[in-house]
Amino acid sequence: MERSRLLILLLTLVFAVPILSTQAMAQAVYGSISGTITDASGGVIPGATVTINSVQRGTTDTVVTNDSGNYVKDRLLPGVYAVSVELTGFQKAVIERVNVNVDTVSHVDITLQPGGVDQVITVNSTDTQLLKTDRADVATTFEDKEITDLPILDRNFTKFILLTPGTQQLGWQHAASENPQGSIQTMVNGQHFSGTGYQLDGTENRDPILGIIVINPNFEAIGETKITSQNYDAEFGQATAGVVSVQTKSGTNEFHGSVFDFRQSDWGQARNPFSQSEVNAQTGRFIPATLRNQFGGSFGGPILKDKFFFFGDYQGLRSKVGGSRLLTVPTALGRTGDLSEYGVNIFDPAGGDPATRTQFAGNVIPQLRLSPQALAILQLVPQPTRPGIRDNFVASGIEQFNNDTFNVRLDGRMSEAFSLFGRYSFADFERNGPTAFGDGGGPELVSLGGVSDVRNHSLAAGFDYGISPTLIGDFRFGWFWYKVAVLPFDFGQRTGEQVGIPGVNLDDTTYSGLPAGFVELPPDGEAGDFEFGSGLGVNRCNCP
């Protein structure tokens, strides 16, 4: 027993964070309760015993007021607590409900009345401190009820950041292939979006390259979140804009669970008069099918009452989103080199001085002068489905997106001085989006033309140990893995080699597929009039 106690003490000393008993610091995971105990005349009362009980978990902590009548209990998990005060010669005072929030001090000042300790006074409310004196941060806090009740249609947590004053969504967003969790890039007080820090249970949750949240937590898993836009503590030193701190739920002394299902279909969806004016011959529908089903649940409770607790949640998404686009493809004549219907004169580019070049007869390029690679690529591109030289092709298809995420958390209360926790989060995403031209690639029809296979992991663990009333050891470990695989629509195929382009398909994986191409079409051509293959500028597939 003594060896175990010594080992804990040594580990704690290594990672110790000095904390004065009159302050509440390092609160990225916890909250605290503090206040002043006075008598009826307003005089401070030293030596009073303050007992703090967790209503949900049944844990108990006690502190004693100092010579100034002040007390503080930090390292409290967010939730509801009951506070009672006892001292010989005074009636016992009880406050049944005190809300504790993450990274926040809840002030509870209590006045004791003369009497016996066996007499109990229940205080229904306490004076709320309107002005924060313990910190200068500017923050917005959302509790679990607000998170689950506010109408966020796609249940995307990062949209709560936009409810904070001084925030603005960036005009462009990362491609769906690299950001399948839909993390919104948000500017806080005009600062660059990559300067916003994300914390999950007090550990890092921001991808350092994309600058976005890695684990976009399920609503069922969030116990509380605090979004700080100004004057955050120095422990969040990596952030230069705002700080988003999320605390996951822990189990309680009672078993609780939830189940949900949200289903959305294309019933009542309006048609696009340009790209959905005719019935699709294959599906018999004007609009490609769209269906979104988001489901899941949560369950938590005690492993050992008042000591060990567990909580877990799961969320699944099965989605298919139909999309259609009105595009331009080369006409049947144009593919043979006959550009007479485009209304421009075509000159021989090998004729020397542009002023004296010879015009091709009838604006028809001889077959021998046509690029065999271009002809091979055009074989992969569908023929026009509408008349004209522009806006002559309608493409439609369905993008599939499946998502499975879950969180598991364990909390332990070894003693009043020693607490520990562990949490593992997993997120798997698979998005498969069609391209406009099938084997020829081309623009995406919804959000991605290709395949995105993403698997994210996050692990957090820690413990805290009260070495003395004025010294606390707080150890926390965090690890995450953001693994993204973005694949072209023709992954594994040597399409570039097949159409005669050398040196692009060096293997069947990393360098596979048809490279991107941008074509200007007469008479007033612009780059991108006609696009094929795969690339970020073509179908948002950042590949190979």
Nearest-0.5 Å distance, [atom1] of residue [X] to [atom2] of residue [Y]:
X: S258; Y: D313; atom1: OG; atom2: CG; value: 8.0 Å
X: F480; Y: L459; atom1: CZ; atom2: CG; value: 12.5 Å
X: Y81; Y: T59; atom1: OH; atom2: OG1; value: 5.5 Å
X: S419; Y: L77; atom1: OG; atom2: CG; value: 7.5 Å
X: I209; Y: S194; atom1: CD1; atom2: OG; value: 12.0 Å
X: F401; Y: E430; atom1: CZ; atom2: CD; value: 10.0 Å

Check whether any side-chain heavy atom of [X] lies under 4.5 Å from a side-chain heavy atom of [Y], and answer yes or no.
X: F160; Y: L150; answer: yes
X: N205; Y: Q199; answer: no
X: P443; Y: F437; answer: yes
X: Y482; Y: L210; answer: yes
X: L448; Y: C541; answer: yes
X: T495; Y: D439; answer: no
X: S534; Y: N539; answer: yes
X: F142; Y: I222; answer: no

Between [X] (side chain only) and [Y] (backbone N and O only), is there a donor and an acceptor less than 3.5 Å apart?
X: N272; Y: Q276; answer: no
X: D490; Y: L514; answer: yes
X: Q400; Y: N432; answer: no
X: N505; Y: G496; answer: yes
X: T328; Y: F530; answer: no
X: S183; Y: I213; answer: yes
X: D266; Y: Q269; answer: no
X: Q56; Y: V80; answer: yes
X: E178; Y: V484; answer: no
X: Q493; Y: Q498; answer: no

Hits for side-chain contact (heavy atoms from CB on, under 4.5 Å) against L326, two or more places apart or cross-chain, chain-then-number order -> F274, S275, R386, D391, V394
Does a donor on one side chain sit under 3.5 Å from an acceptor on the other, for [X] and [Y]?
X: S425; Y: R423; result: yes
X: N218; Y: Y314; result: no
X: Y30; Y: D474; result: no
X: D201; Y: T248; result: yes
X: T158; Y: N156; result: yes
X: S250; Y: R57; result: yes
X: E254; Y: T252; result: no
X: E399; Y: S447; result: yes

Shortest non-hydrogen contact between [X] and [Y], atoms and distance:
X: V100; Y: S106; result: CA-OG, 3.7 Å
X: L445; Y: A395; result: CD2-CB, 3.8 Å
X: E220; Y: F311; result: O-CZ, 3.4 Å
X: A221; Y: N407; result: CB-ND2, 3.6 Å
X: P515; Y: I501; result: CG-CD1, 4.2 Å
X: G388; Y: N392; result: O-ND2, 3.1 Å

Parallel, tilted or perpendicular, as decided by the 30° and 60° cut-offs, for the rings of H174 and W172
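The rings of W172 and H174 stand perpendicular, inter-plane angle above 60°.
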F310 vs F255 aromatic rings, parallel, tilted or perpendicular, using cut-offs 30° and 60°?
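Judged by the thresholds at 30° and 60°, the geometry between F310 and F255 is tilted.
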Hey, mind stepping through T186 and T196 against side chain to side chain contact (heavy atoms under 4.5 Å, CB included) and telling me if it holds?
CA-CA 8 Å; T186 305; T196 300; 5.5 Å; no
Excluding sequence neighbours, so at least two apart, what forms ring pair (Phe, Tyr, Trp, His ring centres under 6.0 Å) with F426?
F406, H457
Steps toward salt bridge (charged side-chain N to carboxylate O under 4.0 Å, His left out) verdict (R409, D411)
CA-CA 7 Å; R409 174 169 173 142; D411 288 271; 2.8 Å; yes
Under the ring pair (Phe, Tyr, Trp, His ring centres under 6.0 Å) criterion, do F260 and F262 qualify, and how do the steps go?
CA-CA 7 Å; F260 67 88; F262 298 97; 5.7 Å; yes
Just list the side-chain donor-acceptor pairs under 3.5 Å for residues 286-296, sequence neighbours left out, or say none.
residue: T290; atom: OG1; partner: G322; partner atom: N; Å: 2.9

